[in-house]
Amino acid sequence: MTIDDITSAVMILVRLGVVARFIFCMVKLIGADEEAMKYKKRAKNAVLFWIIAESVWILRDIVFFYYQ
């Protein structure tokens, strides 16, 4: 098991976690009329976290490619 295997597993867990969080927020959004804004914000934050996590992953690959 190498560091690349571990980082790949972590990124898979991050992606699955974001998808699960987004689905959870959308399901809760259907049933909660008075708390709709809260769940919309949470879903938006989950997507924003996913974008940032993927950006960090891509930057890491660029740096490793540059220095190898």
What distance do Ile30 atom CD1 and Cys25 atom SG have between them, rounded to the nearest 0.5 Å? 11.5 Å

Of all heavy-atom pairs between Ser8 and Trp57, which one has the smallest distance, and what is that distance? N-CH2, 4.0 Å

Return yes when atom NZ of Lys38 has more than 12 non-hydrogen atoms of other residues, nucleotides or ligands closer than 6.0 Å, and no otherwise. yes

Between CZ on residue Phe22 and CZ on residue Arg42, distance to nearest 0.5 Å: 14.5 Å

Kindly work out whether a path of hydrophobic side-chain contacts (I/L/V/M/F/W/Y, heavy atoms less than 4.5 Å apart) joins Val63 to Tyr66. yes

Val18, Ile51: one ILVMFWY side-chain cluster at the under-4.5 Å cut-off? yes

Interatomic spacing from CD in Glu35 to CG in Leu29 - rounded to 0.5 Å: 10.5 Å

Cluster question for you: counting only ILVMFWY and a side-chain heavy-atom cut-off of under 4.5 Å, with indirect links fine, are Trp50 and Ile23 together? no

Which heavy atom in Ala53 sits nearest to a heavy atom in Val14, and how many Å separate them? CB-CG1, 4.0 Å

Quick one: which residue pairs count as a side chain to side chain donor-acceptor pair (under 3.5 Å) with a foot in residues 14-29, not counting sequence neighbours? Arg15-Glu54

Should Tyr39 and Val47 be counted in the same cluster of Ile, Leu, Val, Met, Phe, Trp and Tyr side chains packed under 4.5 Å apart? yes

